[in-house]
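Reading through the structure tokens given below for one structure.
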Amino acid sequence: MNELLHVYLSAWPTVWAMDTARYLVGATLMATILALFWRAGLARRKLQSRDATGADKRREILASLRTAFIFSLLGAIVAVGDHQGWITIYKGFRQAGLLYLVGSLALMLVAHDTYFYWVHRAMHHRRLFRLFHRTHHLSRTPTPWAAYSFAVPEAIVHAAFVPLFLLFVPMHGLGLLAFGIIQILRNVMGHAGAEVHSAAFGPGRWLGWNNTTTHHDLHHEAGRYNYGLYFRWWDKLMGTEHPDYRAKFEAIVSPGVAVPTPAGAGNAMLRTVAGSVLAGGLLLAADPAHADDGLAGRWMTQGAAAVVELAPCNSTPGLCGTIRWLWDAVDEKGRPRLDAQNTDTALRQRQLVGLSILSGLTRSSNGGWEGRIYNPEDGQTYRATVRQTGTDRLTIEGCVLFICQKQVWRSTAALVAALR
Ligand SMILES: [Zn+2]
Ligand SMILES: [Zn+2]
């Protein structure tokens, strides 16, 4: 027992210094890049109009230093595990070669992304959010300093990943070091506040499977979407990617809006012209008149609980659905019904009538429509497939995790005709 304590205590200072240094170096590096290239183009890639305050940054730094301390408390256990032979950390290449180092590192990143997606989503559950995850979301406009800005319980959850992974997969010491570096770099890039990824990271491009600053910034801004850490796979698979992600990323990295241009009156003029042509193009793409609006109109949900209007979305492609009428629009005391089950407490004061519950509905390859539907009854967002199953009838199927619900909606026109 004494020996274990001795191994733990002799490993801890190094682990603590490394975890703290990793954060400070990573965040300082990103903050420096932002400062150096701000006027040379990054200013035009700023993602939110709001600015983080000095108090925000102070809170982020203090919480992150605390997290590095907690990481080191669990990280030193890894040294004990290695000493005792509970886990294996290769020190040389004799037992496992370079191929193993690269392969195990890739596996570790994929496993970490999976672990992060699911614990992150769980921490957004209304019963867990306040205790675990609220501290991180105090940063509505994140800065690189927010990288480790977690409450103590959330820090413990994240710190548990490395020891858990090592129980199953032996790693090289070098692989663990690389993992630590990649993890902090991706983390400060995600919280940079201005898009620092090139257009090659755009959805559909060759690096499009990676997350970007826009991706995680939208998570901080909007809450319910984009839970992934390194990759977009889980968000796409589970239907939790923000419907505006592609449009926002493309707009922010497209030339004319984002590419740094040398100063000068002539250039400024050109830039304005290019900017307005491009803005015109974007507007045209999102112009409701150009949208495919096959399902547009008013629909009555099953059991006549609500009337939902389907119409082209304001700023994104596809159709959006807004609640126009509710059977139970007010409660017993005559107060309008609110979005009280929302997992994001900040959104619970929204009135249900007027709430947009369907978004990004576009035609899918199998003849139906696909988008996302928010169910105010359980505060969950479902991946929705919509099919027109008759002249006045839609079948809506929404799935979250493995639970699917099906509903038939009827056109209000048919109802009006029947009432005549
Ligand atoms: Zn979150
Ligand atoms: Zn974050």
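Indexing begins at 1, ligand by ligand and atom by atom, following the structure's order.
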N, O or S atom within His137 nearest to the Zn ion (ligand 1), by name: NE2
Within the 3.5 Å criterion, strictly below it, is a donor on Glu154 or Thr135 matched to an acceptor on the partner's side chain? no
Looking only at atom types and distance, does a side-chain atom of Asp217 sit under 3.5 Å from a main-chain N or O of Gln48, one as donor and one as acceptor? no
Quick check: of its N, O or S atoms, which one does His120 have closest to the Zn ion (ligand 1)? NE2
Give, rounded to 10 degrees, the angle between NE2 (His136) and NE2 (His220) as seen from the Zn ion (ligand 2). 100°
When you compare the side chains of Tyr117 and Thr240, does any donor N or O come within less than 3.5 Å of an acceptor on the partner? yes
Could you grab the angle centred on the Zn ion (ligand 1), going from NE2 in His219 to NE2 in His133, to 10°? 170°
Is the positively charged end of Arg232 above the ring of Tyr245, judged by distance under 6.0 angstrom from the centroid and angle within 45° of the axis? no
